[in-house]
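Everything quoted here is computed from the prediction, not taken from an experiment.
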Amino acid sequence: MKVALINSRSITICSRKLKQITTIYERSIRVKSACFDEERDVLLYTTSSHLKYCNLRTGETGTIRSTENTIYLVRASGNKVWYLSLIHISEPTRLLSISYAVFCLKKKKKNYNNCQF
């Protein structure tokens with residue numbers, strides 16, 4: 001089992017006992033979310049405009065694809081990724097505090113039905 005410690009510009013991957021395995025740096029853009037795909041031993045993570053990966057065996061990183069909107073990863077398994085996006089939850093003219101509350105509510109209720117990538 002591994003743990004990912006995320007801050008705005010990097011992800012540090014550690015063992016269960018918090019021994020550092022590797023660190024991924026994003027110098028020009030903020031990290032938004034991350035989740036492990038245990039089947040493939042890969043960490044998937046998002047920035048505001050990309051879905052990216054880190055191979056935990058080799059340390060290789062790369063971009064899978066660009067995204068139109070910021071997405072927040074929920075789960076990854078095989079070649080499927082589940083995510084939430086604020087654009088799916090509210091209108092573009094939203095108030096941030098209301099959007100965040102709705103986002104948290106959907107996350108809490110695990111309402112991921114239409115959130116498959």
Query raised in the report: Do T22 and T12 have side chains that get closer than 4.5 Å, going by heavy atoms?
Result: no

Query raised in the report: Are side-chain heavy atoms of N69 and T67 found at a separation under 4.5 Å?
Result: no

**Report entry** side chain to side chain contact (heavy atoms under 4.5 Å, CB included) partners for S28, two or more places apart
**Finding:** none

Query raised in the report: For R16, which residues count as a side chain to side chain contact (heavy atoms under 4.5 Å, CB included) partner, sequence neighbours excluded?
Result: M1

**Report entry** Non-neighbouring partners of S49 that pass side chain to side chain contact (heavy atoms under 4.5 Å, CB included), sequence neighbours left out
**Finding:** I29, T47

**Report entry** Residue among V74, T46, L44 satisfying side chain to side chain contact (heavy atoms under 4.5 Å, CB included) with V81
**Finding:** L44

Report task. Show the numbers, then the answer: is there a side-chain contact (heavy atoms from CB on, under 4.5 Å) between D41 and K2? Result -> CA-CA 10 Å; D41 206 21; K2 295 175 184 73; 3.4 Å; yes

**Report entry** Between OG1 on residue T70 and OH on residue Y83, distance to nearest 0.5 Å
**Finding:** 11.5 Å

Report summary line: Hits for side-chain hydrogen bond (donor to acceptor under 3.5 Å, both in side chains) against K32, two or more places apart or cross-chain, chain-then-number order -> none

Report task. List for me each residue that meets side chain to side chain contact (heavy atoms under 4.5 Å, CB included) alongside E68, sequence neighbours excluded, and say none if there are none. Result -> none

Report summary line: Besides I6, the hydrophobic cluster formed by Ile, Leu, Val, Met, Phe, Trp and Tyr side chains linked at under 4.5 Å, directly or via other members, contains I11, I13, I21, I24, V31, F36, L43, Y45, L56

Query raised in the report: Between the side chains of E39 and S77, is a donor N or O closer than 3.5 angstrom to an acceptor N or O?
Result: yes

Report summary line: For residues 22-31, the salt bridge (charged side-chain N to carboxylate O under 4.0 Å, His left out) pairs (sequence neighbours left out) are E26-K52

Query raised in the report: Less than 4.0 Å between a side-chain N and a carboxylate O, is that true for D37 and R75?
Result: no

**Report entry** Any V42 side-chain heavy atom under 4.5 Å of E60 side chain
**Finding:** no

Report task. Could you tell me which residues satisfy side-chain hydrogen bond (donor to acceptor under 3.5 Å, both in side chains) with T63, sequence neighbours excluded, listed by chain and number? Result -> none

